[in-house]
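Index from 1, following the sequence.
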Amino acid sequence: MAARKAFVTGITGQDGSYLAELLLDKGYEVHGLVRRSSSFNTWRIDHVRDRLNLHYGDLVDQNSLMRTLELVGPEEIYNLAAQSHVKVSFEMPEYTASVTALGVLRLLDAVREVDLQARVYQAGSSEMYGLVQETPQTETTPFHPRSPYGAAKVFGHWMAVNYREGYGMHASNGILFNHESPRRGENFVTRKITLAVAAIKNGLARELHLGNLEAKRDWGYAKDYVEAMWRMLQQEKADDYVVATGETHSVREFLEEAFSYVGLHWQDHVKVDPKYFRPAEVDILLGDPTKARTKLGWTPRVTFKELVRLMVDADMEGGGKPVHPRG
């Protein structure tokens, strides 16, 4: 019996790398879309690269999407690619919209044009809630994005719903709350903190500059969250799901946990820098994962404290330098 084929956009990112590992462990033939560039950015998947089938393409180029989908003929498609940094989206709103919003439309329409009977996962974000209308946030909470990134994700979400309802496509939205890991990009606040902790502990740095310390987020472990993605596409009917821990913690709490873990006081090293504040702040995000738990049988395994510590451990192992851990 032939292995099931999965196609993953954003396979070189944090979520893509964990999802690739999960799918390979389940016996899938895994194909990934990578952008052509002058330098390699495949460190997150290098350890499994010889087991993957990588294809050049881009969400801004629908022809490349159609070509690749026709060639691969996947049963499952996971759209994880995006310009995913919230602060950068204020500086590059048009590019963010082209990739994160219109890229979803291009992919969905390519699936329709090629006439694939594939199941599609669309990666949503808790940033779609923005100026939250209720707490905790559920699948029915109205969206009120506060960034170009959040607005682009809202567009992608509703495109998936439209193609599901209009064309009968098996398209599911995962509304994922913040999920971190040692593979998180170095310009995201959690990884900035754990890298700084390791650098300061190893005498390579003295200070860390951050923005809003009072922002509260629902933080989970990325490796846990990709399992929820897979479970969505195993359902008979497509649907939308919040994926979260159901707990919220502030940036200040993350700092406290990370610095105290290595015997440091964060107040001695952290400076609040106005340049890191967003034009429009999102104060609190807290997801209600009841539907994912009851319908998908999914629950997060790694606690907030465990997450912070495994990220600090990975960066301490690297000596406080921005290396590329696999954890």
Side-chain angles (χ1 to χ4, degrees), residues 1-34 44-45 48-49 51-59 62 64-82 103-125 153 156-157 159-176 179 222-243 291-292 295-298:
M1 184 176 175
R4 289 180 65 79
K5 294 181 184 178
F7 177 63
V8 183
T9 73
I11 197 168
T12 60
Q14 170 188 255
D15 293 6
S17 65
Y18 285 121
L19 180 61
E21 290 173 349
L22 176 75
L23 294 170
L24 288 170
D25 287 346
K26 291 184 179 296
Y28 280 70
E29 179 182 311
V30 181
H31 296 255
L33 192 74
V34 294
R44 293 181 181 91
I45 57 171
V48 292
R49 194 171 172 186
R51 300 169 62 196
L52 301 172
N53 303 277
L54 301 181
H55 308 267
Y56 285 124
D58 201 309
L59 287 184
Q62 189 168 5
S64 70
L65 297 175
M66 291 181 66
R67 240 185 351 258
T68 307
L69 290 174
E70 283 182 315
L71 176 68
V72 175
E75 285 96 355
E76 296 177 11
I77 298 169
Y78 298 85
N79 185 36
L80 311 184
V104 181
L105 174 58
R106 294 184 191 105
L107 180 62
L108 291 169
D109 213 51
V111 173
R112 183 183 68 84
E113 287 284 345
V114 176
D115 198 25
L116 280 177
Q117 299 306 304
R119 297 182 174 190
V120 180
Y121 169 81
Q122 167 55 23
S125 168
K153 280 295 187 182
H157 175 96
M159 278 297 111
V161 171
N162 271 262
Y163 273 68
R164 182 168 73 214
E165 295 176 352
Y167 300 109
M169 192 176 289
H170 194 295
S172 290
N173 286 298
I175 306 172
L176 271 61
H179 46 291
K223 192 171 183 177
D224 287 346
Y225 283 36
V226 298
E227 185 183 334
M229 301 175 188
W230 176 79
R231 288 181 178 234
M232 286 179 213
L233 295 200
Q234 311 317 305
Q235 304 304 303
E236 187 176 337
K237 286 184 65 178
D239 207 343
D240 307 324
Y241 299 88
V242 163
V243 180
K291 185 176 178 180
K295 291 200 170 184
L296 302 179
W298 177 86

Any sub-3.5 Å donor-acceptor pair from S172's side-chain atoms to Y121's backbone N or O? no
Please walk me through it: do L65 and V111 pass side chain to side chain contact (heavy atoms under 4.5 Å, CB included)? CA-CA 9 Å; L65 297 175; V111 173; over 6 Å; no
Side-chain touch L24/E21, heavy atoms, less than 4.5 angstrom: no
What is the minimum heavy-atom distance between A20 and V30, and which atoms define it? O-CG2, 4.3 Å
Given W298 and Y225, is the side chain to side chain contact (heavy atoms under 4.5 Å, CB included) satisfied, shown in steps? CA-CA 9 Å; W298 177 86; Y225 283 36; 3.7 Å; yes
Between N162 and Y167, is any side-chain donor less than 3.5 angstrom from a side-chain acceptor? no
So do the side chains of Q122 and H157 get within less than 4.5 Å of each other, counting heavy atoms only? no
For T9 and L33, indicate whether the former's side chain and the latter's backbone hold a donor-acceptor pair under 3.5 Å. no
Minimal heavy-atom distance between I77 and L69, with the atoms involved, is CD1-CD2, 3.8 Å
Heavy-atom closest contact (I11 atom, L54 atom, distance): CG2-CD2, 4.1 Å
Test: E76 and R4 ion pair at under 4.0 Å: yes
Would you find a donor on one side and an acceptor on the other, under 3.5 Å apart, between the side chain of S17 and the backbone of I45? no
So how far is it from R67 CZ to Y56 OH, rounded to the nearest 0.5 Å? 13.5 Å
When you measure from the side chain of K5 to the backbone of V72, do you find a donor-acceptor pair of N or O atoms at a distance under 3.5 Å? yes
Any donor-acceptor N/O pair, E29 side chain to A2 backbone, under 3.5 Å: no
Atom CE of M159 and atom CG of L107: how far apart are they, to the nearest 0.5 Å? 13.0 Å
Return the minimal non-hydrogen interatomic distance between P74 and A118, and the atom names on each side. O-CB, 3.4 Å
With no hydrogens and no angle check, is any side-chain donor or acceptor of K153 less than 3.5 Å from a backbone partner on I175? no
Do L296 and Q235 have side-chain heavy atoms sitting under 4.5 Å apart? yes
Do H55 and L71 make a side-chain contact, defined as non-hydrogen atoms from C-beta onward lying under 4.5 Å apart? yes
Nearest heavy-atom neighbours spanning T68 and F7: CG2-CE1, 3.6 Å
Donor-acceptor pair, side chain of R164 and main chain of H170, under 3.5 angstrom: no
For Y18, does the six-membered ring have the charged nitrogen or CZ of K223 within the cation-pi criterion, i.e. under 6.0 angstrom from the centroid and within 45° of the normal? no
Is any side-chain heavy atom of M169 closer than 4.5 Å to a side-chain heavy atom of L108? yes
Return yes if some donor-acceptor pair links the side-chain N/O of R106 with the main-chain N/O of L59 below 3.5 Å, else return no. yes
Side chains of M232 and V243: does their closest heavy-atom pair fall under 4.5 Å? yes
Side chain N173, main chain D240, donor-acceptor under 3.5 Å: no
Minimum heavy-atom distance G156-V104, with the two atoms named: O-CG1, 3.7 Å
Calculate, to the nearest 0.5 Å, the distance between atoms CG and NZ belonging to L22 and K26 respectively. 5.0 Å
